[in-house]
Structures are given as structure tokens and as C-alpha cells.
Amino acid sequence: MNYWLIKNEPDCYSVDDLKRDKVEMWDGVRNYQVRNMMRDDMKKGDLAIFYHSNAGKETGAVGVMTIAKEAYPDPTQFDPKSEHPDPKSDPANPRWLAVDVKYKKKFKRLVSLQEMKEVKALHGLRILQKGNRLSITPIKKPEFDKIVALSEK
DNA sequence: GCCAACGTTGGC
DNA sequence: GCCAACGTTGGC
């Protein structure tokens, strides 16, 4: 059982959108480190914190989702009309992967980035480190639990 | 909107 | 295989 932090710009797709849709294909990942983690380490049933990035005062952890389907070829890489087509990807050996995520819950309140920075137990989070740009990062169970606990305060 | 950090690209 | 240029990310 692994734990993750998955970030996204809420203008693009927010926790409210996931609440409405219940299950969503998490596509558009075009970073090799993230792809490798999806391929090698993401298992069905894993839990993930939903994090809103680039959202001003609303930046932070907003909810929980589960991995509903393990990595499979991301169809958007072959769609010229998608946001991130990759003409160099070979359909016989797709370069990019997607997973399905399922809505679990929306936090009663935002756990802001600033608040997470002030909590010692969360200092190991890669999301808090300068220059971190990975859209999906592994976290530890105590970190996951701490963020959930903060949301219930 | 600015800018620092980082990944990717492509010329050599 | 190096590295400068470029594009993107994301906090502020």
C-alpha cells in the first residue's frame, strides 16, 4: 500500500470536479520520473492527497482519492487535438501512461501550503522543497495521516 | 505578471 | 555527450 500526493491546477481540474465525476482518467503526464512511478509503484487501492497548485490563497491539500486503475497507455498522447499530443510516441510501445483515480473525500477545510510548511512532521514532503515540479510524489503513511488529521481540526 | 528552478531539445 | 536555449511549472 503506497501513499501519494497528486497536484493539479484547480482551474484545470479541481477536487470539486472529481467529486462530480467520481472517477477520472488522470492523463497528460509528460514527465519520465512521474511516469516511472505510475508504472512501477502505483497500485490499485493506493491513497492519494489531492493538492491544488497555483491557486493563490487556495493552494494546498483539498481531499483524498484512491487509485482505481493501474497504469495504462494514455490515449491523449496520440490525439492531435489533445493538450499534450506526442507525435514521437509509438502506438506499439506507448511512451506515456495514465491511471484512473476515484473520488474519496473532500476535506472539510483547506490544509494550505503555508500550514504544511509550519508542521514539522511534514517537512519531508517533496512538494515543500524548492523547485519541486513533479505532479505526483510519493509520501509516507504518517505524512498522509497528518494531512488528513489537519483537515479535520 | 514575475522569476527561479528544472526538464527537454537540438546543434555541435 | 556537452551545454545553451527554450518552455513549463508554481509560489509569490
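Since the model is a prediction, treat every value here as computed from it, not as a measurement.
A heavy-atom distance below 4.0 Å to DNA chain C is reached by these residues of residues 46-64 of chain A, ordered by number: A/Y51, A/S53, A/N54, A/T59. Taken residue by residue, residues 110-118 of chain A places no heavy atom nearer than 4.0 Å to DNA chain B.
The side-chain heavy atoms of A/N54 and A/E9, taken from C-beta on, include a pair separated by under 4.5 Å. Contact check for A/I147 versus A/F107: side-chain heavy atoms found under the 4.5 Å cut-off. Using a 4.5 Å cut-off on side-chain heavy atoms (C-beta onward), A/Y13 and A/W26 make contact.
Residues passing the side chain to side chain donor-acceptor pair (under 3.5 Å) test with A/K102: none are found, sequence neighbours excluded.
Both tests hold for A/K69 against A/Y72: distance to the six-membered ring centre under 6.0 Å, angle to the ring axis within 45°.
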Open item on the list: Run the ring-ring contact (aromatic ring centres under 6.0 Å, His included) test on A/F78 and A/W96 for me, step by step, so that the C-alpha distance in whole Å, both residues' side-chain angles and the decisive distance to 0.1 Å come before the verdict.
Closed with: CA-CA 10 Å; A/F78 304 120; A/W96 304 113; over 10 Å; no
Polar-atom pairs under 3.5 Å, protein N or O versus N or O of nucleotides 2-4 of chain C: list them with distances, or write none.
none

Dump every N/O contact between nucleotides 7-12 of chain B and the protein below 3.5 Å, one line per pair.
from  : atom 1 : to    : atom 2 : distance (Å)
B/dG7 : OP1    : A/Q33 : NE2    : 3.4

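A salt bridge is defined here as a Lys NZ or Arg NE, NH1 or NH2 lying under 4.0 Å from an Asp or Glu carboxylate O, and A/D86 with A/R95 meets this definition. With salt bridges taken as basic N to acidic carboxylate O contacts below 4.0 Å, none links A/E115 and A/K57.
Side-chain contact check for A/Y3 and A/D145: no donor-acceptor pair (N or O, by modelled atom type) lies under 3.5 Å. Of the N and O atoms on the side chains of A/S89 and A/Q77, at least one donor lies less than 3.5 Å from an acceptor on the other residue.
Checked by atom type and distance alone, the side chain of A/N93 never pairs as donor or acceptor with a backbone atom of A/D90 at under 3.5 Å.
In this structure, A/R126 atom CZ and B/dA5 atom C1' are separated by 14 Å, rounded to whole Å.
Among pairs with a residue in residues 24-47 of chain A, those fulfilling salt bridge (Lys or Arg N to Asp or Glu O under 4.0 Å) read A/R30-A/D74, at least two apart in sequence or across chains.
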